[in-house]
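Treat the numbers as computed from the prediction; the structure is a model and nothing was measured.
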Amino acid sequence: MHFVRPEKLTSRQKEDLMDLLADCRRAEPITLSIPEDADRCLLLYDSPVSIQEKCQRATGQDTAAQETAGQGAAGPLASCLLICDTPDDVWECYAFTRPCSRRKGCFSRLVDEACRMAEEEERKSGRPIDLSFLSDQKSPQGLAAAEALGMTLWYSEHQMELDLGAPGQTLDPCLPADQETDPSGLSGRDPDPKAKPRLLLRCETITEEQEDGPLKSLLFSAYPSLAASAPQRWNAGDMATREAMAPAASPIGTCRLIFYGPSCFYLYHVQIRSDLRGRGWGRAFLDALFQQLPAGSRLTLQVSSLNEPALALYKKTGFRITETLSYYIF
């Protein structure tokens, strides 16, 4: 075996990585992908004969089948480790080892080399660097290898989804200011913790410039019912007007939605005023929001396992975990 540490991946190396990933996915139902924007790459190649023999013993395929699968005489890729830098001096590491090359020390060799690279970078920058290895929890052999090397679970990121009823009915997501969701008549007073949360929702379109172009999102703000002082219409996108419209009350919470497909929304930046948390207003906000979306919509969000209150809230409102990405510190 020998290391290749390319500054930039060649077309052949990219093909080798895709072949390695495909082989891993044939063996296990993993969803983790190879990052296309990795800052550092470590490739561990095996000799063609050696890996063909190992694959033949592991799968029963003959040599011709292995060559067809990309294990030919050009030199197969046995294992890889790709590193993405983060602003927090944490290197996010993606590691894959061909099933027939596992339990041969490939992963530990890659980790050792990554540690050596991190030490070099620490000497240059004077800042400590942590290595964080990603896992989708779907590779028992990968988890066993991480445990054997002494890696510990740092935290997990959960993708959650919620389907809103049957398709067919379409509602306007921009609720007029004179239309309320379960009005309460609280008149701007601090909400009674014993009262059933009742809200007025307002919506405006926000456009943010991104590297790949403008990004449009819907900003929803939730208020206790404030019919006496609420304006008759919310001017979408006009932040100055927004401030003039509701001087008597600040929103109890806000969130954003991005439309990314037919009746599909990505929910993010869900925030509840700190002095109102734990009193049912988060659930009331989301329930009111769901009523304003097209029937049959699917909402997707991401939440950290470290954010236990948010995770509990999303579960209460019907979200289910569909994917989990765990981070292991070494």
Side-chain angles (χ1 to χ4, degrees), residues 160-162 164 171-184 186-191 193 195-210 214-227 229-260 264-294 297-304 306-319:
M160 306 184 77
E161 292 183 355
L162 172 65
L164 297 178
L171 303 176
D172 184 359
C174 295
L175 186 66
D178 57 354
Q179 182 179 349
E180 297 186 357
T181 300
D182 200 8
S184 68
L186 291 174
S187 301
R189 298 191 303 273
D190 195 36
K196 180 182 178 182
R198 297 174 180 178
L199 299 174
L200 169 69
L201 295 190
R202 306 184 189 278
C203 176
E204 58 187 305
T205 301
I206 303 295
T207 301
E208 297 175 300
E209 291 298 328
Q210 305 286 332
L215 174 66
K216 289 188 176 181
S217 64
L218 296 177
L219 171 63
F220 282 88
S221 302
Y223 295 83
S225 179
L226 201 59
S229 60
Q232 290 302 304
R233 185 68 187 177
W234 190 264
N235 292 340
D238 190 340
M239 299 300 292
T241 305
R242 171 189 173 190
E243 293 175 359
M245 280 180 166
S250 61
I252 65 101
T254 58
C255 72
R256 290 195 181 189
L257 285 177
I258 294 177
F259 177 77
Y260 68 92
C264 294
F265 297 89
Y266 180 73
L267 175 64
Y268 69 111
H269 284 183
V270 179
Q271 297 179 331
I272 301 298
R273 218 171 69 194
S274 59
D275 59 320
L276 297 179
R277 293 172 187 168
R279 294 164 59 175
W281 290 93
R283 181 165 186 174
F285 181 19
L286 292 181
D287 286 342
L289 173 67
F290 299 160
Q291 296 177 36
Q292 310 312 314
L293 300 179
S297 293
R298 169 168 292 181
L299 285 94
T300 302
L301 59 82
Q302 289 182 316
V303 60
S304 168
L306 300 178
N307 192 348
E308 295 181 0
L311 185 58
L313 169 63
Y314 298 140
K315 288 181 177 179
K316 287 179 182 177
T317 51
F319 281 91

Original post:
In Å, rounded to the nearest 0.5 Å, how long is the span from OH of Y223 to OG1 of T254?
Top reply: 9.5 Å
Original post:
Distance from T317 atom OG1 to F285 atom CZ, nearest 0.5 Å?
Top reply: 12.0 Å
Original post:
Is there side-chain contact between L301 and V270, with at least one heavy-atom pair below 4.5 Å?
Top reply: no
Original post:
Which heavy atom in R273 sits nearest to a heavy atom in P251, and how many Å separate them?
Top reply: CD-O, 3.7 Å
Subject >> 4.5 Å side-chain heavy-atom contact, C255 and H269 >> reply: no
Original post:
If you round to the nearest 0.5 Å, how far is CG of L162 from NZ of K315?
Top reply: 14.5 Å
Original post:
Taking C-beta and beyond as the side chain, do L218 and T205 meet within less than 4.5 Å on heavy atoms?
Top reply: yes
**OP:** With sequence neighbours excluded, tell me which residues meet ring-ring contact (aromatic ring centres under 6.0 Å, His included) with Y314.
**Re:** F319
**OP:** Taking the side chain as every heavy atom from C-beta outward, state whether L311 and M160 have any pair of such atoms under 4.5 Å apart.
**Re:** yes
Original post:
Roughly how far, to the nearest 0.5 Å, is CG of L164 from CZ of R298?
Top reply: 10.5 Å
Original post:
Residues two or more places apart in sequence or in another chain: which of them pass side-chain contact (heavy atoms from CB on, under 4.5 Å) with R277?
Top reply: I272, S274
Original post:
Can you tell if the side chain of Y266 reaches within under 4.5 Å of the side chain of Q302, non-hydrogen atoms only?
Top reply: yes
Subject >> Atom of V303, atom of A310 and distance for their closest heavy-atom approach >> reply: CG2-CB, 4.0 Å
**OP:** To the nearest 0.5 angstrom, please state how far the OG atom of S297 sits from the CD atom of Q292.
**Re:** 11.5 Å
**OP:** Take L289 and L257 through the side chain to side chain contact (heavy atoms under 4.5 Å, CB included) test and state the conclusion after the steps.
**Re:** CA-CA 10 Å; L289 173 67; L257 285 177; 4.1 Å; yes
Original post:
Looking only at heavy atoms, what is the nearest atom pair of A222 and L201, with distance?
Top reply: CB-CD2, 3.6 Å
Original post:
In Å, rounded to the nearest 0.5 Å, how long is the span from CD1 of I258 to OG1 of T300?
Top reply: 11.5 Å
**OP:** Could I get the full list of salt bridge (Lys or Arg N to Asp or Glu O under 4.0 Å) partners for E208, not counting sequence neighbours?
**Re:** R256
